[in-house]
There are 2 protein chains.
Amino acid sequence: MIGDWTERFQGTAQLPRAVRDRLLKVARITHMAEGTQVFGPLNVPDSLFFLYEGRIRVVQRSDVGRDIVLYRVDAGESCVLTTACMLAEEAYNAEGIAETDITAIALPKAAFDRLVAEEDAFRAFVFAAYSRRLIDLLRVVDDVAFGQMDVRLAARLLALAGDFKEVSATHQHLASELGTAREVVSRILQDFQKRELIAQSRGRIALLDKPALRDIAAAD
Amino acid sequence: MIGDWTERFQGTAQLPRAVRDRLLKVARITHMAEGTQVFGPLNVPDSLFFLYEGRIRVVQRSDVGRDIVLYRVDAGESCVLTTACMLAEEAYNAEGIAETDITAIALPKAAFDRLVAEEDAFRAFVFAAYSRRLIDLLRVVDDVAFGQMDVRLAARLLALAGDFKEVSATHQHLASELGTAREVVSRILQDFQKRELIAQSRGRIALLDKPALRDIAAAD
DNA sequence: ACGCCTTCAGTGACATTGTCACCCAACATG
DNA sequence: CATGTTGGGTGACAATGTCACTGAAGGCGT
C-alpha cells in the first residue's frame, strides 16, 4: 500500500538500510477515519505513533464543556504525547483527534526502546519531538494566560486560512480552538465584520483584509 | 562536599557501580544562591541538570508584566526543560529561578547522550521526567483556560502551606504564581477573610479553615 | 522617639471575557 | 411547504483584568 515509510521521517530516513528494513517488519500500518480518537485518557495506545499522512489535532477538554486545541501533529511528525500517556499515572484529559483520514505507523514500545538506545539519529529525532511539544505548550500557556482574545482569534484565523482567503469553521469550532465560548467569538467576529476585515456567511469566514488582521495578531 | 550523588536519583541509583563511578567523574557539581536564574532564554545551559538539593521554580514571563509559575523542580528531579531549551530554535520565555540555595549536578551533553543510549534505567528516568513535565503543563493549561480564580488561589495557598498553617507571600507573589494581577488576588483574599477562612497580615496569610479551603479548591 | 521612605494592600471605575437564557435565520429533509 | 436542526445574534449579568489612586505597615537613619 505505502512503500518505504522510513523515507518520510527525519528520524528514520537517516538510519542504516538494515535498521530500516527491520523497522518495516515490526511496525504496523494503521488507517483511521477523520474524527476518530487516536488517543485519549481512556484510550492509551501501547505503541509510538508516527504520522505518515494526515493531521491530528490534540485537544484539551474541560469538564465545563469547553475545549482548547493544544497543537497539531502533521504528517512526518511523531506524536510524543502518546508516550507521555503511557508513562503517566496522573490524570489528564488531552486527546488526539484525527483531523483528516490518517495513515500512521505504530511502532511497538520494545522496538522503540531499542531504536532509541541504538541509533543516535533516531534518539535525536525523539528528543527534538518532545522539545517541540514542550515549547508548543509553553506558547499555549502564554497565549491563554496573557493573550487577548481578538489577537488570538485574528492569529488563528490567519493560521487556519493558510494561503486561502476563506476559513470553513463555525463560531463554535473557533471557540474550541481557543478555549473560549462561542458568544465571545461571535462578538469579536462581529467587530471584525464591522471593520470590514472579514465577511461572514453560515459556517465560513472570508478574510478580506489579511494585512490588517496580521496587524491585530501581531499585537501579541 | 557531597558524597555519592548517584544515590539520590531514581535514574542513577539503579545503574551499575562502574557507570556511576564514571558519572561521578564527568559531572560537575554547582551551587547557586537563592534567586539566581538557573536557565532562561538568554541563559541556555549546555548540560543537563539534576537537582541535588533545593528547589527551582519554572516561570513563564509575559511581556505585559505578569508571570505564571509552570511547575517546580524538587530535589531528586531533573530539569528537562533545559534540554528542550538546548534543542529549541523557537522563541519562548520560560525561565528557571532558584527558589532556595541549590546544589545541582551538571551532566555534559555528551555524557548524557551516552547514558541514555546505554542504560535502560537512565533512559526510562529521562522519559519519565519529560512525560511528567508535559503532564504538568497540560494541567497548567487546564487551570488557566478553564479554572476559576478563587478555586486556583485556594488550591495554591494549600499547596504553598504544605503542613504549616501559614503562608509567607505577598499578594503580588501569589498573583505571579497564578498568572493574574495583584488586585484580583487581593479581592479574593478579602472575600476569604470575610468568610473567616484566612487571616491576613502584611506578607503572611494564616489558613484558619483548611477544610473549607479544600472544599473550594476541589470545585475544580 | 521622630519623621521619611519603600513596600504592601485596599478601592472604585471601567474594559474585557465568560455565562445564561433566550431568539431568530439558514439550511436540510420529507 | 412544514418542520427540525444547526449556526448565529443579543442583552443582562458575573468574573476577571486594568488603571489610577489612596493609605497603612514596617524599616531606617537621626
Side-chain angles (χ1 to χ4, degrees), chain A residues 35 60-68 141-157 160 166-195 198-206 216 219-220, chain B residues 35 60-68 141-157 166-195 198-206 216-217 219-220:
Chain A
Q60 170 99 13
R61 303 206 106 89
S62 80
D63 29 32
V64 296
R66 272 155 57 202
D67 296 351
I68 183 171
V141 170
D142 195 280
D143 269 18
V144 172
F146 308 123
Q148 307 218 137
M149 231 3 142
D150 53 348
V151 173
R152 295 176 59 205
L153 181 53
R156 192 57 63 114
L157 284 173
L160 290 174
E166 246 193 25
V167 175
S168 282
T170 66
H171 295 188
Q172 181 58 63
H173 286 147
L174 293 170
S176 291
E177 288 275 333
L178 301 174
T180 184
R182 178 189 59 81
E183 294 91 322
V184 176
V185 170
S186 293
R187 272 202 294 250
I188 298 173
L189 287 181
Q190 290 251 291
D191 178 54
F192 286 177
Q193 194 176 31
K194 266 173 201 142
R195 292 156 68 184
I198 62 167
Q200 300 190 66
S201 53
R202 192 185 171 86
R204 1 181 86 239
I205 296 160
I216 295 174
D220 180 23
Chain B
Q60 171 100 12
R61 302 206 108 89
S62 80
D63 29 31
V64 297
R66 270 155 59 201
D67 296 352
I68 183 170
V141 170
D142 196 279
D143 268 19
V144 171
F146 308 123
Q148 308 215 143
M149 226 14 139
D150 53 348
V151 172
R152 296 176 59 205
L153 181 53
R156 192 57 63 113
L157 284 173
E166 248 193 23
V167 175
S168 282
T170 66
H171 295 188
Q172 181 60 63
H173 286 147
L174 293 170
S176 292
E177 289 275 333
L178 300 174
T180 185
R182 178 189 60 78
E183 294 92 321
V184 176
V185 170
S186 292
R187 273 202 293 250
I188 297 174
L189 287 181
Q190 289 253 288
D191 178 54
F192 285 177
Q193 194 174 31
K194 267 173 201 142
R195 292 155 68 183
I198 63 167
Q200 300 189 67
S201 54
R202 193 188 172 84
R204 0 180 88 239
I205 296 160
I216 295 174
D220 180 22

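First the proteins, then the strands, lettered A, B, ... as listed; each starts at 1.
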Practice task
Residues of residues 175-187 of chain A with any non-hydrogen atom less than 4.0 angstrom from an atom of DNA chain C: list those, numerically ordered, please.
Solution key: A:Thr180, A:Glu183, A:Val184, A:Arg187
Taking the side chain as everything from C-beta on, heavy atoms only, tell me whether [X] gets closer than 4.5 Å to [Y].
| X | Y | result |
| --- | --- | --- |
| B:Gln200 | B:Phe192 | no |
| A:Ile216 | A:Leu153 | no |
| B:Leu189 | B:His171 | yes |
| B:Asp63 | A:Phe146 | no |
| B:Val185 | B:Arg182 | no |

Exercise for the section: Would you name the heavy atoms of B:Met149 and B:Leu178 that are closest together and state the gap between them? Expected result: CE-O, 4.2 Å
Exercise for the section: Let me know, please, whether A:Gln172 or B:Arg152 comes out on the 5' side of the other along DNA chain D by nearest nucleotide. Expected result: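 Result of the comparison: A:Gln172.
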How many Å lie between [atom1] on [X] and [atom2] on [N], as a whole number?
| X | N | atom1 | atom2 | answer |
| --- | --- | --- | --- | --- |
| B:Leu189 | D:dT16 | CG | P | 13 Å |
| A:Asp143 | C:dT17 | CG | C1' | 16 Å |
| A:Ile188 | D:dG8 | CD1 | P | 15 Å |
| A:Arg204 | C:dA26 | CZ | P | 16 Å |
| B:Leu153 | D:dT16 | CG | C1' | 13 Å |
| A:Gln200 | D:dG9 | CD | C1' | 10 Å |
| A:Gln148 | C:dT17 | CD | C1' | 10 Å |
| B:Asp150 | D:dG17 | CG | P | 11 Å |

Problem - Short side-chain N/O contact from B:His171 to OP1 or OP2 of C:dT7, under 4.0 Å - result: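 Answer is no, no contact under 4.0 Å.
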Sub-3.5 Å pairs of nitrogen or oxygen atoms, protein against nucleotides 22-29 of chain D:
residue	atom	partner	partner atom	Å
D:dA25	O4'	B:Arg202	NH1	3.4
D:dA25	N3	B:Arg202	NH1	3.4

Exercise for the section: Determine, for A:Arg195 against A:Asp191, whether the closest basic-nitrogen to carboxylate-oxygen distance falls under 4.0 angstrom. Expected result: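 So A:Arg195 pairs with A:Asp191 through a salt bridge.
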Exercise for the section: Between D:dG17, C:dT11, D:dG9, spot the one nearest the side chain of B:Gln190, thanks. Expected result: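 Looking only at heavy atoms from C-beta outward on B:Gln190, the closest nucleotide is C:dT11.
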Exercise for the section: Could you pick out which residue, B:Gln193 or A:Met149, lies toward the 5' side of DNA chain C when each is mapped onto its nearest nucleotide? Expected result: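 Its nearest nucleotide lies further toward 5', so the answer is B:Gln193.
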Exercise for the section: Decide whether A:Ser176 and A:His173 meet the rule of one side-chain donor and one side-chain acceptor closer than 3.5 Å. Expected result: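 Looking only at side-chain atoms, A:His173 and A:Ser176 do not form any donor-acceptor pair under 3.5 Å.
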Problem - Under 3.5 Å: donor-acceptor pair, side chain of A:Arg204, backbone of A:Val167 - result: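 Checking the backbone N and O of A:Val167 against the side chain of A:Arg204, no donor-acceptor pair under 3.5 Å is found.
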